[in-house]
Amino acid sequence: MKRNRLPPGQRIVKNWPVLDLGTKPKLDLDKWALTIDGDVRKPVKWTWSQFLSQPHEEMISDIHCVTGWSRYDNRWVGIKASHIIETVKPLSKVKHCVFQSYDGYKTNISIKQFTESNVMLAFKWNGDLLSAGHGGPVRALLPSQYFWKSAKWIRKVEFSHADQLGYWELRGYHNNGNPWKEERYSN
Ligand SMILES: Nc1nc2c(c(=O)[nH]1)N[C@H]1C(S)=C(S)[C@@H](COP(=O)(O)O)O[C@H]1N2
Ligand SMILES: [Mo]
């Protein structure tokens, strides 16, 4: 499908704004862990070194924030969603995926959105480790959705047969968040 690179109602920025709930968690890499579980055959809980020992991929993608800014050509390194799926083996009843973060943030996506080929759990941006302000050590990255779906400081990825609304989804944001369809708010 050919589509405009800049979704409707967006403007390009060159900097990278920081947006979050204001409580930036202090994360010690020695104690950091990422749990991936729920309705899966092989749940995992990775330490930082176990996370880093998974296969990495580099990808370049654009960011589209619901507040109207878009940032082109971000170069990420992370673990692709397809590797996560192969590792934990979600059960066939799984339809949804929820990210839970160390600051208490939560956001939900469909399994279809998670399995898009541009989705990853990212730990590097433009050559450097992802900064704490932008969600380091590890954040979700879903370039085909508005950026609120890309949870920073992820602690847990939960696959489920049932949907669970996240922080912004409970406060009137759209459940899908497709920027080309301007799925900003639900009503
Ligand atoms: N853990 C966590 N992730 C989060 C948020 C948050 O408050 N906490 N805010 C979301 C929103 S609304 C946006 S626009 C992006 C901003 O990411 P950035 O600060 O790296 O630009 O993070 C998303 N992920
Ligand atoms: Mo946002």
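Whatever order the structure lists ligands and atoms in, that order sets their numbers, starting from 1.
- Residue His134 holds the heavy atom nearest to atom 18 (P) of ligand 1 of all those in Gln100, Lys24, His134.
- Within the 4.0 Å heavy-atom cutoff, Ser150 counts among the residues contacting ligand 1.
- Of all the heavy atoms of Asp103, the ones lying under 4.0 Å from any atom of ligand 1 belong exclusively to the side chain.
- Remark: aromatic rings of His64 and Trp69 are distant, center separation not under 6.0 Å.
- The contact set between ligand 1 and Cys65, taken as ligand atoms under 4.0 Å from a residue heavy atom, comprises 14 (S).
- Heavy atoms of Trp69 found under 4.0 angstrom from ligand 1 belong exclusively to the side chain.
- Among His64, Lys106, Lys152, Lys149, the residue whose heavy atom sits closest to atom 3 (N) of ligand 1 is Lys152.
- When ring centroids are compared, Trp153 and Tyr105 stay outside the 6.0 Å threshold.
- Residue contacts with ligand 1 include Trp168, since one or more of its heavy atoms lies under 4.0 Å from the ligand.
- By the 4.0 Å N-to-carboxylate-O rule, Lys24 lies close enough to Asp20 to be salt-bridged with it.
- With respect to the salt-bridge test (charged N to carboxylate O, under 4.0 angstrom), the residues Lys106 and Glu158 do not qualify.
- Ligand 1 has Arg139 within reach: a non-hydrogen atom of the residue lies less than 4.0 Å from it.
- With salt bridges taken as basic N to acidic carboxylate O contacts below 4.0 Å, one links Asp73 and Arg5.
- Listed by atom number, the atoms of ligand 1 under 4.0 Å from Pro17 heavy atoms are 18 (P), 19 (O), 21 (O).
- No side-chain N or O of His96 forms a donor-acceptor pair with one of Gln164 less than 3.5 Å apart.
- Between His56 and Phe123, the ring planes are perpendicular. Angles over 60° get that label, and only those under 30° would be called parallel.
- Between Tyr173 and Trp168, the two ring planes are tilted [angle within 30° to 60°].
- Listed by number with element, the atoms of ligand 1 under 4.0 angstrom from any heavy atom of Ser101 are 1 (N).
- No donor-acceptor distance shorter than 3.5 angstrom exists from the side chain of Lys149 to the backbone of Tyr146, with no hydrogens or angles considered.
- Under 4.0 angstrom from ligand 1, the non-hydrogen atoms of Trp153 all belong to its side chain.
- Listed by atom number, the atoms of ligand 1 under 4.0 Å from Val18 heavy atoms are 19 (O).
- The ligand atoms of ligand 1 that sit less than 4.0 angstrom from a heavy atom of Ala151 are 3 (N), 24 (N).
- Using a 4.0 Å cut-off between heavy atoms, Trp16 contacts ligand 1 through its side chain alone, with no backbone atom that close.
- Of the listed residues (Tyr102, Tyr105, Phe99), the one carrying the non-hydrogen atom nearest atom 6 (C) of ligand 1 is Tyr105.
- The parts of Trp148 lying near ligand 1 are both backbone and side chain, judged by heavy-atom distances below 4.0 Å.
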